[in-house]
Amino acid sequence: MNTYSLYLHIPFCIHRCNYCDFNTYAGQESEIPAYVESLCREILLVSSSANKRLPVHTIFFGGGTPSLLPLASLHKILNTIAGGFDLQPGLEISLEANPGTVSPDSLRGMREIGINRLSFGMQSAHPDDLRLLERQHNTIDVIQAVKWARQAGFDNLNLDLIFGVPFQTLERWQRSLDLAVSMGVEHLSLYSLTLEHGTPFLRWAEKGLIPFPDDDLAADMYDWACERLSGAGFYQYEISNWARHSDNGTSYMCRHNLQYWHNAPYFGFGAGAHGYIQGYRTANVLGIKAFIERCSEIENCQFPIGPAAAQALLIDRWTEMQETMMVGLRLTDEGVSAQTFQKRFGETLNDMFGKQILSLMKVNLIEWAGPDGDRLRLTQHGKLLGNYVFRQFVGEDVKPGHPFNPTQTKGSANWVNSP
Ligand code: SF4
């Protein structure tokens, strides 16, 4: 039985950072009450259009800045979800928060209503980086937020950091990461800065006002981070994500994000949110007002397409296989299991992607791993060239392909450990 995840997009920010291309808006806080009403209505319409209460094991408030929502609004959303879905034992409820937008009271309240994982956008510990990124907090805010979260009872905290910021040196990055590690959090997400279309950062770089990212320096920063975190007891499970193990041996990996990387189903609620349900990839209208209008105008919907959907694309089997490779290979340890792939699709990895696997193995970008050699994953070198690897598995020109022509025998296939 599939267990579902819910993503809830909260598109409000105090200020729009100059590198950000997320669907988020500054100065629209007056729309929060109507937005929350609409979000609840969307959840209600979609959940009631299913023929049964669907099981849910993770909920993720992402943004934007979900910590800008009043506690009563978060509570109302969670109650609406509990009314429409079958919440599973051990439910993970994550919320993204910006340091500087939380207080001891708000964090205590969040914990009381069931939120059990927080992700703080730290980004850097250096004031020059924070100023350039136009972040609205300082390092003291981060330290305080972590302390207050602990006092409120949170035992699962993440910090997001960015490396490759213009003018950032390796040493400055090392100090930021050291400080993050010293805070004793359970999870770290490290992202390399990319200059996205339509952002002030890209325009500034094009005008020569800031340097374009230095790929070699970013690679050094990433390599250093891998070693530093492994030495500090973190386990890398995804290209950009590291987790600790708890005292009883369970992992603090983000179960919500694992749902994406397993190419498993999730609902996307809110403006611009994406979902993947029953083979449909859905995308909601982007604007806050458009989202509110859609949710108030539409009386009922046809599962799994919600009232605010702007797009619903039915994914065929081959595309599903390609996407499973693209997202699964992000899991740096687990990778894509040949057995799980075969169970899901009734086809072998080798028959579907043998050509790609062979050529990527030849250049040491992927490898077979695990006790029985069942898991295809990136090599350490491949982690730095992940986007190149993923592109080999997706796109219209990629066709299913066994690497051998019919005159060759399977016996020559000793390069691959697939069953
Ligand atoms: S706080 Fe986060 S979501 Fe909001 S504008 Fe800045 S980077 Fe984007």
Side-chain angles (χ1 to χ4, degrees), residues 7-32 35-36 39 60-70 73-74 94-103 106-107 110 117-142 144-146 149 157-166 168 173 176 180 185 187-205 210 213 240-241 254 256-257 260 268-274 283-284 286-288 291:
Y7 174 78
L8 304 142
H9 191 67
I10 311 299
F12 302 96
C13 285
I14 292 172
H15 171 82
R16 188 154 170 88
C17 306
N18 48 24
Y19 63 96
C20 178
D21 77 332
F22 296 144
N23 184 42
T24 183
Y25 307 88
Q28 303 276 315
E29 288 85 335
S30 59
E31 300 288 349
I32 287 179
Y35 186 81
V36 170
L39 193 58
F60 194 101
F61 288 91
T65 311
S67 49
L68 288 180
L69 289 197
S73 299
L74 292 170
S94 301
L95 181 134
E96 288 183 335
N98 274 342
T101 64
V102 292
S103 67
S106 70
L107 291 169
M110 286 178 197
R117 182 175 185 277
L118 291 177
S119 176
F120 289 115
M122 172 179 172
Q123 316 313 357
S124 169
H126 199 285
D128 288 355
D129 294 342
L130 292 173
R131 206 172 304 121
L132 187 65
L133 294 168
E134 293 185 345
R135 300 295 304 195
Q136 304 297 298
H137 68 270
N138 59 38
T139 302
I140 302 293
D141 293 329
V142 181
Q144 248 177 359
V146 168
L157 299 179
N158 171 60
L159 295 175
D160 277 347
L161 283 98
I162 298 181
F163 61 96
V165 177
Q168 188 183 41
W173 162 242
S176 286
V185 293
H187 192 283
L188 287 165
S189 299
L190 314 183
Y191 300 105
S192 167
L193 183 77
T194 47
L195 303 185
E196 304 290 352
H197 285 289
T199 60
F201 251 34
L202 181 60
R203 287 197 294 279
W204 295 347
I210 57 170
S240 306
N241 286 279
C254 175
H256 182 83
N257 286 342
Y260 302 145
F269 294 120
H274 289 233
N284 277 352
L286 291 172
I288 292 172
F291 174 75

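Worth knowing before you read on, the calculation uses all heavy atoms, side chains too, and leaves out hydrogens, waters and symmetry mates. Start at 1 and go down the list; that is how both ligands and their atoms are numbered.
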Under 4.0 Å to a heavy atom of Y19 - the qualifying atoms of ligand 1, by number
7 (S)
Decide whether D21 and Y19 meet the rule of one side-chain donor and one side-chain acceptor closer than 3.5 Å.
no
Between P166 and L132, is there a side-chain heavy-atom distance shorter than 4.5 Å?
yes
Are F12 and Y35 close enough that their ring centers fall under 6.0 Å?
yes
Distance only, no hydrogens: is a donor on one side chain within 3.5 Å (strictly under) of an acceptor on the other, for E196 and T194?
yes
Which protein heavy atom lies closest to atom 2 (Fe) of ligand 1, and at what distance to 0.1 Å?
R135 NH1, 3.7 Å
Plane angle bin for W204 and F201 - parallel if under 30°, tilted between 30 and 60°, otherwise perpendicular:
tilted
Which residues and atoms, counting only protein N, O or S, are under 2.8 Å from atom 4 (Fe) of ligand 1?
C13 SG
For residues N138 and L130, report the shortest heavy-atom separation together with the two atoms involved.
CA-CD1, 4.0 Å
Identify the two heavy atoms, one from D129 and one from S124, that lie closest to each other, and give their separation to 0.1 Å.
OD2-OG, 2.8 Å
